[in-house]
Amino acid sequence: AKKHGRNNYQYYTADMNAAAYERLMLETNLRRALEREEFRLYYQPQIDVQSGAVTGVEALIRWQSPELGLVSPGEFIPLLEETGLIVPVGEWVIETACRQMKEWLDAGYPSMTMAVNLSARQFHQVDLVERIAQILQELNLPPELLELELTESMVMESVDSAVEILHKLKRMGVKVAIDDFGTGVSSLGYLKHFPVDTLKISHDFVLNLPRDSVDASIASAVINLARNMQLSSVAEGVENAEQMDFLSGQDCERLQGYLFSRPVPAEKIAELLGTWQAM
Ligand code: C2E
Ligand code: CA
Ligand code: CA
């Protein structure tokens, strides 16, 4: 039994070393990914319920790794956050998304909002607001076309500095959305103090619509809350017509999900806009 146990232990250790090694390799490769320009932004359209038009997109990062192929953010964002690499990568995201927006505007497409996800480290970066102002100014972009997606926990982490940053963004004219609204631990009262523009309904609440009566109540409560506070509402993860019908029936302002389009490279967005306008 003892021998068995020791073998197990050795096996376990070897396994852990392999995991640690793999992680180290991943970290090294991620460090190089920015220099080697291996990150890509994909864009997922947001459809305005009233007009049926694409009025915005959300930028979603991908890593085109030569060794691993196309890696989704769930697999590398946490590591970027831990290592602090999220700050330069996040800045690349904002800049790339803004350049793309500029390109679409210059090409004559109707103006669309560009939603960009921020991570906690990035949000509390001292010069974030100045950097964003600089990028918008350099590209001569209307600030209201940029919508930063934050989570409740990012804002609640240090309320005072969050309020200050949010006010600066508001003064600049940049929009702020609360991502996955209602999934965090915060109370509704914080909406009184935080100048935000958009509430985003999490995929979790959309998944079982309209059958799940609790999810249906939550989704309609968020949509109503947004409307009553004169905020915009967006539902993510819309995959079928039943979900769409329920959400549009509740007057959700924008819908986003595989039903309309998966996140796609920029060229595909241009194509989609062409076909949708023709429809
Ligand atoms: P998120 O912000 O909640 O983004 C929505 C996720 O749902 C995306 O996953 C999107 O591809 C996926 N999705 C869209 N429509 C549907 C649908 O109809 N059904 C289902 N099942 N899923 C759908 P993705 O692209 O893998 O991103 C995962 C998360 O990674 C994002 O969640 C966001 O938190 C984070 N992320 C993505 N890009 C960035 C970035 O540039 N910066 C930071 N800080 N985080 C990012
Ligand atoms: Ca998001
Ligand atoms: Ca989500």
Side-chain angles (χ1 to χ4, degrees), residues 30 33-34 38-47 54 56-64 69-101 113-125 128 132 146-155 175-184 196-209 215 218-219 222 232-244 247 252 254-266 268-269 272:
L30 274 173
L34 193 59
E38 293 170 359
F39 291 114
R40 305 273 178 275
L41 285 187
Y42 275 39
Y43 301 90
Q44 187 175 37
Q46 296 182 338
I47 282 73
V54 179
V57 295
E58 178 178 1
L60 294 155
I61 196 170
R62 302 287 181 264
W63 175 26
Q64 184 67 60
L70 198 65
V71 188
S72 58
E75 296 181 47
F76 64 87
I77 292 274
L79 201 52
L80 290 181
E81 275 168 355
E82 273 177 53
T83 54
L85 283 169
I86 193 68
V87 172
V89 173
E91 188 162 309
W92 175 87
V93 170
I94 298 173
E95 203 175 319
T96 305
C98 286
R99 284 189 192 287
Q100 188 55 63
M101 181 157 52
T113 55
M114 174 67 77
V116 172
N117 294 283
L118 292 193
S119 85
R121 287 275 277 266
Q122 214 184 341
F123 181 60
H124 292 287
Q125 194 71 7
L128 174 81
I132 291 174
L146 181 63
E147 183 170 72
L148 303 176
E149 296 197 0
L150 315 175
T151 62
E152 288 170 22
S153 60
M154 282 165 58
V155 173
K175 303 290 180 195
V176 171
I178 301 291
D179 211 351
D180 299 334
F181 181 79
T183 59
V196 303
D197 303 280
T198 303
L199 304 183
K200 215 166 167 185
I201 301 162
S202 167
H203 172 246
D204 297 339
F205 298 133
V206 172
L207 189 62
N208 297 313
L209 291 179
D215 288 345
I218 293 172
V222 175
S232 176
S233 52
V234 188
E236 64 168 32
V238 181
E239 294 184 356
N240 60 52
E242 291 71 36
Q243 295 165 339
M244 173 181 73
L247 291 160
C252 186
R254 290 178 262 163
L255 304 179
Q256 180 184 345
Y258 295 167
L259 179 64
F260 306 99
S261 169
R262 290 188 171 254
V264 292
K268 280 275 184 343
I269 288 288
L272 284 175

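Just follow the structure's listing: the first ligand is 1, and inside any ligand the first atom is 1. Starting from 1, each residue takes its place in the sequence as its number.
- Going from atom CD of Q243 over to atom CG of L207 covers 6.5 Å, rounded to the nearest 0.5 Å.
- Checking E58, R254, E149 one by one against V234, the side-chain contact (heavy atoms from CB on, under 4.5 Å) holds for a single residue, R254.
- The closest side-chain heavy-atom distance from C98 to M101 is below 4.5 Å.
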For a side chain to side chain donor-acceptor pair (under 3.5 Å) check, start with the C-alpha distance between Q46 and Q256, then their side-chain angles and the critical distance, and finish with the verdict. CA-CA 5 Å; Q46 296 182 338; Q256 180 184 345; 2.9 Å; yes
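- As for E58, its N/O/S atom nearest the Ca ion (ligand 2) is the one called OE2.
- Nearest to the Ca ion (ligand 3), among the N, O or S atoms that E236 has, is OE2.
- For the Ca ion (ligand 3), the set of nearby N, O or S atoms under 3.0 Å includes one belonging to D180.
- Looking at D179, its N, O or S atom nearest to the Ca ion (ligand 2) turns out to be OD2.
- Atom OE1 is the N/O/S atom of E149 found closest to the Ca ion (ligand 2).
- With rounding to the nearest 0.5 angstrom, the OH atom of Y42 is 12.0 Å from the CZ atom of R262.
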Give every pair made of an N or O atom of ligand 1 and a protein N or O atom lying under 3.5 Å apart, one pair per line with both atom names and the distance to 0.1 Å, or write 'none'.
{"from": "ligand 1", "atom 1": "2 (O)", "to": "E58", "atom 2": "OE2", "distance (Å)": "3.3"}
{"from": "ligand 1", "atom 1": "2 (O)", "to": "N117", "atom 2": "OD1", "distance (Å)": "3.1"}
{"from": "ligand 1", "atom 1": "2 (O)", "to": "D179", "atom 2": "OD2", "distance (Å)": "3.1"}
{"from": "ligand 1", "atom 1": "3 (O)", "to": "E236", "atom 2": "OE1", "distance (Å)": "3.3"}
{"from": "ligand 1", "atom 1": "15 (N)", "to": "Q44", "atom 2": "NE2", "distance (Å)": "2.9"}
{"from": "ligand 1", "atom 1": "18 (O)", "to": "Y258", "atom 2": "N", "distance (Å)": "2.8"}
{"from": "ligand 1", "atom 1": "19 (N)", "to": "E239", "atom 2": "OE2", "distance (Å)": "2.5"}
{"from": "ligand 1", "atom 1": "21 (N)", "to": "H203", "atom 2": "NE2", "distance (Å)": "3.2"}
{"from": "ligand 1", "atom 1": "21 (N)", "to": "E239", "atom 2": "OE2", "distance (Å)": "3.0"}
{"from": "ligand 1", "atom 1": "22 (N)", "to": "Y258", "atom 2": "OH", "distance (Å)": "3.3"}
{"from": "ligand 1", "atom 1": "25 (O)", "to": "R62", "atom 2": "NH1", "distance (Å)": "2.8"}
{"from": "ligand 1", "atom 1": "25 (O)", "to": "R62", "atom 2": "NH2", "distance (Å)": "2.9"}
{"from": "ligand 1", "atom 1": "38 (N)", "to": "I61", "atom 2": "N", "distance (Å)": "3.1"}
{"from": "ligand 1", "atom 1": "42 (N)", "to": "N117", "atom 2": "O", "distance (Å)": "3.4"}

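- Taking each heavy atom of L41 and I61 in turn, the nearest pair found is CD2-CA, 3.8 Å.
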Where do L118 and I94 land on the side chain to side chain contact (heavy atoms under 4.5 Å, CB included) test, with the steps shown first? CA-CA 9 Å; L118 292 193; I94 298 173; 4.0 Å; yes
